[in-house]
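No hydrogens, no waters, no symmetry mates; every other heavy atom, side chains included, goes into these values. Throughout, numbering of the chain's residues begins at 1 and tracks the sequence.
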Amino acid sequence: RDGDTIARALLDQGFIVMRWHAIRRGDPENAKDPLMMDAPPFPQTAEQAKLAFEEFRKTRVVSEDHIFLLGHSLGARRACILLEDHPKIAGIVMLAGAGLISSDIAAARQIVQGASEDSPQPAIEEAGLDNVHERRVHRLREEQERWSPKNAATQDRWGRRYPADVLAERKTPILLLVGALDERWLMESYLLTVYLRGRGHPDYTWKVYEKLGHNLGPEQPGAVTYGDQGEIASSRTGPMDPQVVETIVQWIAKRAQ
């Protein structure tokens with residue numbers, strides 16, 4: 001549903017939109033999963049993304065340097081896999097990007113928890129870090145060796161390079177949006193921000209939305225329905241916040257001019 005919302009907003013601005021997803025649709029077995037996330041293994045979804053992208057390129061409707069990739073969660077990671085193979089891509093939009101950087105999340109979490117958010121140090125005040133998330137990034141930058149050891153892995157368990165390295169090399173425009181309630185990937189967004197800023201990325205935009213969760217919605221209690229079976233589970237989710245959709249469209253439109 002959020003994909004439909006974003007697509008309509010982009011179409012209204014004159015963009016061409018191609019969509020593909022890793023969630024199986026129309027599969028009766030899918031209804032057994034409460035969140036309808038019966039997705040294939042990640043390597044298979046990465047290969048599907050490559051095939052879908054190649055089919056779109058064959059249409060020759062849009063040149064490669066006019067294509068923006070938008071992905072949610074592991075979809076954001078798959079977008080970075082495509083970027084590695086296609087360096088002319090115009091930009092990447094990552095919504096709650098997952099698995100973006102090799103790091104010690106437990107150590108990073110301890111660093112953040114140990115930071116005083118109510119009484120920032122003078123050095124932080126002088127830097128103008130009046131935002132709690134910027135203060136956390138500042139602290140993580142100071143303690144970078146603790147969460148990013150010198151012998152940090154360059155490849156994940158599937159043998160692929162981490163998106164952080166690809167993004168740092170390509171210098172492709174990036175928009176990373178994450179909800180403050182999405183604790184796991186919020187932490188990773190901090191670490192990616194430290195990493196890319198330290199490497200002087202020329203066009204990196206990072207924004208945290210308060211009171212929003214993994215799908216960048218309000219996480220309100222609601223029912224999960226499936227076809228004619230009606231309600232099959234309860235969940236805490238909600239439609240994507242309109243401000244998030246507006247940010248996506250404005251960011252892409254500005255760089256498409």
Side-chain angles (χ1 to χ4, degrees), residues 1-12 15 17-27 30-42 45-46 48-49 52 68-82 91-101 105 109 132-133 163 174-193 205-227 229-252:
R1 294 170 185 166
D2 291 332
D4 290 339
T5 300
I6 296 172
R8 285 195 299 269
L10 289 169
L11 290 169
D12 287 344
F15 289 98
V17 179
M18 177 191 178
R19 295 178 57 196
W20 71 88
H21 50 73
I23 302 174
R24 296 188 179 107
R25 303 291 187 183
D27 182 352
N30 202 13
K32 296 179 181 179
D33 187 328
L35 294 181
M36 297 187 289
M37 288 292 289
D38 183 21
F42 180 77
T45 64
Q48 290 172 345
F68 292 83
L69 299 177
L70 188 155
H72 173 259
S73 196
L74 282 176
R77 181 162 195 171
R78 288 190 288 270
C80 293
I81 290 174
L82 295 178
I92 299 281
V93 176
M94 301 190 294
L95 308 178
L100 302 178
I101 185 170
I105 291 294
R109 186 177 289 111
V132 62
H133 303 294
I174 305 166
L175 174 64
L176 173 58
L177 306 180
V178 62
L181 300 180
D182 191 12
E183 197 257 353
R184 175 63 173 82
W185 307 122
L186 172 64
M187 185 69 62
E188 200 163 290
S189 79
Y190 294 159
L191 303 180
L192 183 66
T193 298
T205 303
W206 165 63
K207 188 170 184 178
V208 179
Y209 289 85
E210 301 297 333
K211 299 181 180 180
L212 300 185
H214 186 59
N215 72 322
L216 290 157
E219 293 200 341
Q220 298 171 342
V224 176
T225 60
Y226 185 83
Q229 298 185 41
E231 181 177 348
I232 62 171
S234 60
S235 179
R236 292 189 62 83
T237 184
M240 185 173 288
D241 191 288
Q243 293 184 21
V244 175
V245 178
E246 183 179 358
T247 297
I248 294 169
V249 175
Q250 289 181 348
W251 186 89
I252 293 178

Margin query: Any heavy-atom pair between the side chains of M240 and L95 that's under 4.5 Å?
Written below: yes
Margin query: Using 0.5 Å steps for rounding, measure from the CH2 atom of W251 to the CG atom of L70.
Written below: 9.5 Å
Notebook entry, point to check: Taking only residues two or more places apart in sequence, or in another chain, which ones meet D12 in a side chain to side chain contact (heavy atoms under 4.5 Å, CB included)?
Noted result: none
Next item on the list: Identify, with sequence neighbours excluded, every residue that meets ring pair (Phe, Tyr, Trp, His ring centres under 6.0 Å) alongside F42.
Entry: W158
Margin query: Ring-plane angle category for Y190 and H133, please: parallel below 30°, perpendicular beyond 60°, tilted otherwise.
Written below: tilted
Check: Can you name the residues that form a side chain to side chain contact (heavy atoms under 4.5 Å, CB included) with T5, not counting sequence neighbours?
Finding: R8, V245
Next item on the list: Supply the atom-to-atom distance L192 CG to L176 CG, rounded to the nearest 0.5 angstrom.
Entry: 6.0 Å
Item checked: Atom of M18, atom of A52 and distance for their closest heavy-atom approach -> CE-O, 3.2 Å
Check: Got a sec, which residues hit side chain to side chain contact (heavy atoms under 4.5 Å, CB included) with Q243, two or more places apart in sequence or on another chain?
Finding: Y209, D241
Next item on the list: Only counting residues at least two apart or in another chain, list the ones meeting salt bridge (charged side-chain N to carboxylate O under 4.0 Å, His left out) with E183.
Entry: R109
Next item on the list: Just jot down the side chain to side chain contact (heavy atoms under 4.5 Å, CB included) partners of D182, sequence neighbours excluded, or say none.
Entry: A96, V178, W185, H214
Margin query: With side-chain contact (heavy atoms from CB on, under 4.5 Å) as the criterion, how do C80 and M94 come out once you've worked through the C-alpha distance, each side chain's angles and the decisive distance to 0.1 Å?
Written below: CA-CA 9 Å; C80 293; M94 301 190 294; 3.8 Å; yes
Note to self: Between I92 and L82, is there a side-chain heavy-atom distance shorter than 4.5 Å?
What the structure shows: no
Check: Quick one: does E188's side chain have a donor or acceptor within less than 3.5 Å of a partner on G99's backbone?
Finding: yes
Check: Which pair of non-hydrogen atoms, one from L216 and one from G179, has the smallest distance, and what is that distance?
Finding: CD2-N, 3.5 Å
Next item on the list: Could you please spell out the steps behind the side-chain contact (heavy atoms from CB on, under 4.5 Å) verdict for L191 and I105?
Entry: CA-CA 9 Å; L191 303 180; I105 291 294; 3.9 Å; yes
Notebook entry, point to check: Is any side-chain heavy atom of R78 closer than 4.5 Å to a side-chain heavy atom of L69?
Noted result: no
Item checked: Minimum heavy-atom distance between S189 and W206, given as atom pair plus value -> OG-NE1, 3.2 Å
Item checked: Residue that, paired with V93, satisfies side-chain contact (heavy atoms from CB on, under 4.5 Å) out of T205, T247, I252 -> I252
Margin query: Just verifying a value: how many Å separate L74 CG and I81 CD1, rounded to the nearest 0.5 Å?
Written below: 9.0 Å
